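Note that the structure is a prediction, hence the values are computed from the model and not measured.
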Amino acid sequence: QVQLVESGGGLVQAGGSLRLSCAASGGTFSSWTMGWFRQTPGKEREFVAVISRSGGSTYFLDSVKGRFTISRDNAKNTVYLQMNRLKPEDTAVYYCAADVHATVTSLRNQYEHWGQGTQVTVSS
């Protein structure tokens, strides 16, 4: 049974940084595409970033390009989202997700497994 557990969220001032982690278990992590999504109340969950199995391909939501990076450590079954120069509009619950078919995609419905989410709050 695949399990994804996010950590690293919290409260930070605008301009600050946070690093989110997502630890995976119950499957072959190195064969999955991993994504990060976020959601605010009343809005749909939106794509933030994706990383391919090897880490060689990454893609980002336009509004986070140049501020966020995504990386993975397949030996530790963990994917990271480094968030720099945070803005109040980045406030959301952040979710990691796994696509076991390794499609590098921003489409939410392509991801089969989801974590429980971690809250990120950026104060102005």
task: With sequence neighbours excluded, tell me which residues meet ring-ring contact (aromatic ring centres under 6.0 Å, His included) with F47.
output: F37

message: Taking disulfide (SG to SG under 2.5 Å) as the cut-off, I'd like each qualifying pair that reaches into residues 30-89, sequence neighbours left out, listed once.
response: none

task: Could you note down all residue pairs passing disulfide (SG to SG under 2.5 Å) where residues 30-82 supplies at least one of them, sequence neighbours left out?
output: none

task: Return the set of residues passing side-chain hydrogen bond (donor to acceptor under 3.5 Å, both in side chains) with D73 (not counting sequence neighbours), or none when no residue passes.
output: none

statement: dist S52:OG -> I70:CD1 (nearest 0.5 Å) comes out at 9.5 Å

message: Ignoring hydrogens, what is the shortest heavy-atom contact between G35 and Y111? Give both atom names and the distance.
response: N-CE2, 3.7 Å

- prompt: How would you list, by chain and number, every residue that makes a salt bridge (Lys or Arg N to Asp or Glu O under 4.0 Å) with R53, sequence neighbours excluded?
  reply: none

Nearest atoms (heavy-atom pairs only) where G9 meets V120: CA-CG2, 4.1 Å

With a cut-off of 3.5 Å and sequence neighbours excluded, list every side-chain donor-acceptor pair involving residues 57-66.
from: D62; atom 1: OD1; to: K65; atom 2: NZ; distance (Å): 2.9

- prompt: Do T103 side-chain atoms and T105 backbone N/O form a donor-acceptor pair below 3.5 Å?
  reply: no

message: For a quick check under 3.5 Å, do H101 and Q110 share a side-chain donor-acceptor pair by atom type?
response: no

message: Could you report the tightest heavy-atom contact between V100 and H113, atom names first, then the distance?
response: CG1-CD2, 3.7 Å

task: Could you note down all residue pairs passing side chain to side chain donor-acceptor pair (under 3.5 Å) where residues 7-36 supplies at least one of them, sequence neighbours left out?
output: S17-N84

message: Listing request: all side chain to side chain donor-acceptor pair (under 3.5 Å) pairs with a residue in residues 87-97, at least two apart in sequence or in separate chains.
response: R38-D90, R38-Y94, R67-D90

- request: Not counting sequence neighbours, list each pair that qualifies as a disulfide (SG to SG under 2.5 Å) and has a residue in residues 21-106.
  value: C22-C96

task: Identify, with sequence neighbours excluded, every residue that meets side-chain hydrogen bond (donor to acceptor under 3.5 Å, both in side chains) alongside Q3.
output: none

From CG (L18) to CZ (F68), nearest 0.5 Å: 9.0 Å

query: Would a distance-only check, ignoring hydrogens and angles, find a side-chain to backbone donor-acceptor pair under 3.5 Å from R108 to R45?
result: yes

message: Working to the nearest 0.5 angstrom, can you tell me the gap between L81 CG and M34 CE?
response: 11.5 Å

